[in-house]
Amino acid sequence: MLFAHAFDRPNLLAWIRLFRKNPFRVYAAALGLVAAATLVRFALHQHLSSAAPFTAYGLALLCIALAGGFWPGMVTLAASLLTGSILFLPPAFSLTLADEAWWPLMMFAVFGTVHVALVSGLIASILRHDEHQQFLFGELRHRSRNLFAVVQGMASRTLMESRSLPEARQALETRLASLARTHAMLADSGWAGASLKQIVSEELTTFASQFDCTGCDLVLNTPAAQSFALIVHELATNAVKHGALSKSEGRVAISGSLTGKGDELFRFAWCEYGGPAVHPPRRRGFGSSILDTMANRFACSVQASYHPEGLVYTLEIPVGSLEAAPSFEGTFWRQIARPLTILSMVRSVPKRATTG
């Protein structure tokens, strides 16, 4: 525990990183510590037997492995072996060794290598964890700003365009719940991405027998997942109020496919049938803005066709702007990311709203 707390200090870790950036300084320090250990060994020569020639070099080895890393530690070990064997192993001040001198030399070489590997590996792991932590906090700040901007814009437009306060509350709660479910998926995956199929399934869970979803196994990055969550929510809400999901016999076919040269475009299609005849909306509200304006921000093609048999809504998006990049995973990220999921809002509203 003391060792863990000793290295749980950003200033110390920052100093180690700064020290390692200058190889000349690292190796000069290694040779300097070997020289200092040699002087200490000379000072203790009267009190130590020839069977302990490398006693003073252990601390130098530990310090360089800790501050400099594996290879500086191995250089320190090699310099210690060479200096100690010449000066303190019989016969002293000679390049030859007595038969009994090989045993302490080999023991220090083996155990020194193990110490260097363990200490340098441990410090490297601590440094990587610290870099990981800094990266995650940076991502947390960035995604928090984006999330709050989305929520602020959503709340502003919903309140401005709703006809009454209850209507605004209903619409805002359902939209926030949809966004919260998507953030819960992202947090559960360590922010590595969210499956489009899972987003669709979560949004339409109440209507599991009335929709089919194929070709939507693409794992989306965070911005794309947020956009699709709001788009699918608005499509489902419109279908419940005016389209195929307003009748028990109505159905929705959702499909995804790769198109274009080299499959560089992802085509998402929402097709309703079996419901009442649909007509283009007479009033353009925030829901229409989501399906049009917001969708156009990341899609290269957005089409909404109001056929008598049902709405057909299609998107074509570059695959590169959708796919989730490899990301760090782990319990730590889940611990700091989960508060962003605003799960309390999910618990306070129905899983699927029929109006709003």
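Values below: all heavy atoms of this structure, side chains included; hydrogens, waters and symmetry mates excluded.
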Pairwise side-chain contact, [X] with [Y], heavy-atom cut-off 4.5 Å (strictly under):
| X | Y | value |
| --- | --- | --- |
| Leu61 | Val116 | yes |
| Phe108 | Leu77 | yes |
| Tyr313 | Ile231 | yes |
| Arg17 | Glu131 | yes |
| Ser201 | Cys213 | no |
| Ile254 | Thr214 | no |
| Glu272 | Val312 | no |
| Arg128 | Ser125 | yes |

Who passes side chain to side chain donor-acceptor pair (under 3.5 Å) against Asn22, sequence neighbours left out?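 For Asn22, no residue satisfies side chain to side chain donor-acceptor pair (under 3.5 Å) once neighbours in sequence are set aside.
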Taking side chain to side chain contact (heavy atoms under 4.5 Å, CB included) as the criterion, tell me which of Leu245, Val240, Leu235, Ile199 meets it with Leu204. Leu245
So, applying side chain to side chain contact (heavy atoms under 4.5 Å, CB included) with Leu315, which one of Leu291, Asn296, Val302, Leu265 is it?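 In the set Leu291, Asn296, Val302, Leu265, the residue that makes a side chain to side chain contact (heavy atoms under 4.5 Å, CB included) with Leu315 is Val302.
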Distance from [X] atom [atom1] to [Y] atom [atom2], nearest 0.5 Å?
| X | Y | atom1 | atom2 | result |
| --- | --- | --- | --- | --- |
| Asp292 | Glu234 | CG | CD | 12.5 Å |
| Ser85 | Phe54 | OG | CZ | 5.5 Å |
| Met74 | Ser80 | CE | OG | 11.0 Å |
| Leu220 | Lys197 | CG | NZ | 14.0 Å |
| Leu322 | Leu196 | CG | CG | 8.5 Å |

Can you name the closest pair of heavy atoms from [X] and [Y] and give their distance?
| X | Y | result |
| --- | --- | --- |
| Tyr273 | Ala253 | CE2-CB, 4.2 Å |
| Trp270 | Ala239 | CZ2-CB, 4.2 Å |
| Lys247 | Gln210 | O-NE2, 2.9 Å |
| Cys216 | Ser195 | O-OG, 4.0 Å |
| Val278 | His242 | CG1-O, 4.1 Å |
| Gly68 | Val26 | CA-CG1, 4.0 Å |

Distance-only, no hydrogens or angles: does the [X] side chain make a donor-acceptor pair with backbone N or O of [Y] under 3.5 Å?
| X | Y | answer |
| --- | --- | --- |
| Thr205 | Glu202 | no |
| Ser305 | His307 | no |
| Asn221 | Ser321 | yes |
| Arg20 | Ala67 | yes |

If hydrophobic residues (ILVMFWY) are linked whenever their side-chain heavy atoms come closer than 4.5 Å, directly or via other members, who joins Val114 in its cluster?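 Leu118, listed by chain and number.
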How is the hydrophobic cluster of Leu33 composed, in terms of its other members, when Ile, Leu, Val, Met, Phe, Trp and Tyr link through side-chain heavy atoms under 4.5 Å apart, directly or indirectly? Ile64
For Phe19, give me all partners under ring-ring contact (aromatic ring centres under 6.0 Å, His included), at least two apart in sequence or on another chain. Trp15
Taking the six-membered ring for Trp, are Phe228 and Phe268 ring centroids under 6.0 Å apart?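 So the answer is yes for these two rings.
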With a 6.0 Å cut-off on the ring centroids, do Phe42 and Phe88 count as close?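 So the answer is yes for these two rings.
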Per the salt bridge (Lys or Arg N to Asp or Glu O under 4.0 Å) rule, what does the pair list look like for residues 206-217, sequence neighbours excluded?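 Pairs touching residues 206-217 that pass the test: Asp212-Arg251.
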Qualifying side chain to side chain donor-acceptor pair (under 3.5 Å) pairs, either residue in residues 28-39, two or more places apart: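 Sorted result for residues 28-39: Thr38-Tyr57.
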